[in-house]
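Working notes for the structure below.
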Amino acid sequence: LDFNESQVGGFKLVEGVLTYDEVLKQEKEAKKLKQNRKQEILKQLDELDKKSIRSLREGNIERIGKLEQEAIKLRTELQSL
């Protein structure tokens, strides 16, 4: 029996640490979802920046304020991830 890595009933012993494959799989999926959301937020922030520049050129201060509020919400969410 190799104590570095063996598997019994869904549990896996890796380098002397007992882990559960399904938990690891779920953690990996959650990490991937989190990374995808981060990328989505960054893309949305980039789009908001472009809209803000356009609004600034037009002198639409009200729209700039609304866009900034959206950006603040996205930045807050990004920091929490």
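All heavy atoms count here, side chains included; hydrogens, waters and symmetry mates do not. The chain is numbered in sequence order, starting from 1.
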Rounded distance [0.5 Å steps], CD in Glu58 versus CD1 in Ile53: 12.0 Å
Straight-line distance of Ile41 CD1 to Asn36 CG, nearest 0.5 Å: 11.0 Å
For residues 64-75, which side-chain N or O atoms pair as donor and acceptor with protein atoms under 3.5 Å away, sequence neighbours left out?
residue	atom	partner	partner atom	Å
Lys66	NZ	Glu62	OE2	3.4
Glu68	OE2	Arg75	NH1	3.3

Derivation and outcome, side-chain contact (heavy atoms from CB on, under 4.5 Å), residues Arg57 and Arg54: CA-CA 5 Å; Arg57 286 184 190 152; Arg54 196 171 307 125; 5.7 Å; no
Salt bridge (charged side-chain N to carboxylate O under 4.0 Å, His left out) against Lys50, all qualifying residues, sequence neighbours excluded: Asp46
Under the salt bridge (charged side-chain N to carboxylate O under 4.0 Å, His left out) test, residues paired with Glu77 that sit two or more places apart: Arg37
Option from Lys31, Lys38, Lys32 for which side chain to side chain contact (heavy atoms under 4.5 Å, CB included) with Lys34 holds: Lys38
